Amino acid sequence: TNTLGRVRLEAAEGATGESSTRAGGSHGGLGGGTSGRVYGDPFAPGTLGGGGGAGGATGEIGGSGGGRIRIVADTVLLAVAIAADGTPGAAGPAGGGAGGSIWLTTGLLEGEGAITATGGAAGPTSPGGGGAGGRIRVDYTEASGFDVTRITARGVGDIAGGPGTVLLAEDGASPELIVDNGGRDHLNATGPFPQMGTVEVNGTPAVGAIKVPLIGTTDFLADQLVGLSVRFTNVPGTYPVSANTLTEVSFALVGTDLKTLGVVNGTGLTVVRTVPARLTIGGGARVMLVDELTFDALTLRDGASLRHPNAKNGDPEPALDLTVLGAVTIDGTSSIDVSGRGFAGQSVPTFGVSAAGTTIGNTTYFMPKTLTGSGGSYGGLGAGTSPGDIYGSPLDPFTCGSGGGSGSSGAFGGTGGGRVRLVAASIDVAGTIRADGSAGGTGGDMKTGGGSGGSVWLEADAMTVSGQLVASGGAGGSGGG
């Protein structure tokens with residue numbers, strides 16, 4: 001119900017199934033299964049939810065994504081619901097559609113109803129993926145007569161989709177960006193918005209060039225980086241993006257070009273983004289961040305987990321690098337955990353039995369089938385007969401841990417821990433911040449080396465740690481990290 005105001009309602013059926021077979025649709029989060037990419041803007045939600053993948057047999061049609069709704073009113077009395085939910089997979093293991101978009105602007109919000117952009121369930125036959133949550137924004141002056149916890153954008157399903165985003169923007173307060181899956185475990189971790197990923201320049205730019213091709217693991221779609229700024233690893237300053245595809249980025253440069261700036265083949269790129277909101281992660285949500293980010297505040301509660309992507313051979317070194325203008329609060333059930341996300345162990349399954357282990361700079365140091373069984377080194381030497389060198393600084397600890405050596409019969413070495421840097425006005429850790437190396441794998445003769453611990457760097461004017469800060473090496477059959 002709307003009184004004394006204006007209503008603008010834009011509703012559309014969401015996208016039909018375009019995800020991988022049996023996968024849930026993606027939107028504000030990733031669908032369950034082998035899903036697509038996160039898209040849309042949590043601050044201006046207006047995109048349709050992604051469709052779920054087909055089940056593989058005739059009639060096993062993926063669910064449709066949710067539509068989009070825009071309402072502007074002086075007063076909203078919500079008796080039942082405003083919904084942009086995805087629909088379930090039609091049959092078999094077809095994936096569910098992702099939630100769509102809702103943007104509500106009102107002076108007064110009240111009532112007993114709910115606002116949802118929930119993913120659709122998979123079809124009735126396992127194993128199909130559930131749809132991810134969509135995107136909701138609610139701008140309001142007064143909501144004392146409404147329970148804002150009934151505003152949700154969650155994933156569903158046995159192979160559940162991930163949570164979408166809810167932005168609560170109360171007049172006069174910093175907006176709160178909420179990522180919460182209601183306690184439901186979900187398969188794929190992702191960020192609340194499209195990110196650059198771990199990429200580098202593929203080839204030295206020519207004279208006059210203002211765009212560069214990329215190589216690495218991207219996490220964005222066409223033009224989703226426009227308006228953001230990028231930092232190059234070997235060039236001072238930041239540079240605004242004017243256009244992008246999945247494999248190329250163009251910059252708004254005046255009076256110079258990329259070659260003159262000193263960009264070369266292999267230069268890493270990182271998006272530098274200020275998010276004008278308090279980020280709250282809860283309800284068992286697993287969130288993955290990779291850009292250089294600034295938030296107003298950060299809260300992890302109710303089983304939440306925050307991490308960065310795994311380091312991959314040939315990609316730049318990932319990091320969780322956050323600046324928080326206010327308070328960071330991690331409750332006793334939640335964690336920042338980048339364990340096993342550093343440099344790869346020798347012969348890890350992701351890269352194959354002949355893959356070398358890696359160390360600082362993501363460079364090889366355990367050649368295949370040679371330095372077997374030694375633990376990874378970083379702040380100290382790994383165990384075994386041939387560990388790598390110590391590296392890094394105790395005063396500036398911001399490097400991933402090294403991988404361990406494999407066993408002589410092919411069991412893989414453990415992977416090093418990742419890296420965390422958190423700068424805030426205040427930090428309260430009742431839970432855990434962890435950057436452990438992983439244990440060496442099983443099989444073969446078991447003479448594997450564990451990965452070394454990674455890095456945890458905290459800076460704050462006030463700090464309380466009643467939980468744990470850990471960067472331990474992983475166990476090995478022969479040598480620990």
Side-chain angles (χ1 to χ4, degrees), residues 14 19-20 22-36 38 40 42 49-53 62-66 81 83-89 93-102 114-136 147-168 176-192 279-289 299-307 330-337 431:
S19 296
S20 299
R22 302 185 178 185
S26 298
H27 186 194
L30 289 176
T34 306
S35 296
V38 168
S64 294
D85 300 335
T87 62
S101 295
I102 299 172
I115 302 173
T116 62
T118 303
T125 304
S126 181
R135 297 198 182 276
I136 298 175
D147 181 1
V148 295
T149 65
R150 297 199 300 271
I151 305 173
T152 59
R154 295 171 178 168
V156 300
D158 293 332
I159 304 176
T165 58
V166 172
L167 185 78
L168 300 180
E176 183 179 17
L177 179 60
I178 301 169
V179 183
D180 189 309
N181 219 36
R184 184 184 293 273
D185 188 34
H186 58 100
L187 180 66
N188 298 314
T190 188
L279 177 61
T280 299
I281 307 171
R286 296 202 298 272
V287 171
M288 185 180 295
L289 298 176
T299 300
L300 275 66
R301 55 172 172 76
D302 303 330
S305 176
L306 180 60
R307 64 192 70 179
I330 304 173
D331 77 6
T333 68
S334 301
S335 65
I336 294 175
D337 192 348

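These numbers come from a predicted model, not from an experiment.
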Where is the tightest heavy-atom contact between [X] and [Y], given as atom of each residue plus distance?
| X | Y | result |
| --- | --- | --- |
| H186 | A160 | CB-O, 3.7 Å |
| S26 | G31 | OG-N, 3.0 Å |
| A23 | T34 | CB-O, 3.3 Å |
| G25 | A98 | O-CB, 3.4 Å |

Pairing residues for P93 by the side-chain contact (heavy atoms from CB on, under 4.5 Å) criterion, not counting sequence neighbours: R22, E60, T125
Donor-acceptor side-chain pairing of S305 and D337 below 3.5 angstrom: no
S334 and R301 side chains, donor-acceptor separation under 3.5 Å: no
Using atom types as modelled and distance alone, determine if a side-chain donor or acceptor of [X] lies under 3.5 Å from a backbone N or O of [Y].
| X | Y | answer |
| --- | --- | --- |
| N181 | G284 | no |
| H27 | G99 | yes |
| D180 | P163 | no |
| T87 | S64 | yes |

Kindly compute the distance separating [atom1] ([X]) from [atom2] ([Y]), expressed to the nearest 0.5 Å.
| X | Y | atom1 | atom2 | result |
| --- | --- | --- | --- | --- |
| I330 | I336 | CD1 | CD1 | 4.0 Å |
| T280 | L177 | OG1 | CG | 8.0 Å |
| N188 | R286 | CG | CZ | 8.0 Å |
| I102 | T116 | CD1 | OG1 | 6.0 Å |
| L167 | I151 | CG | CD1 | 10.5 Å |

Do any side-chain atoms of residues 152-159 form donor-acceptor pairs under 3.5 angstrom with protein atoms, and if so which ones, sequence neighbours left out?
none

Side chain proximity check, L289 to P192, heavy atoms < 4.5 angstrom: yes
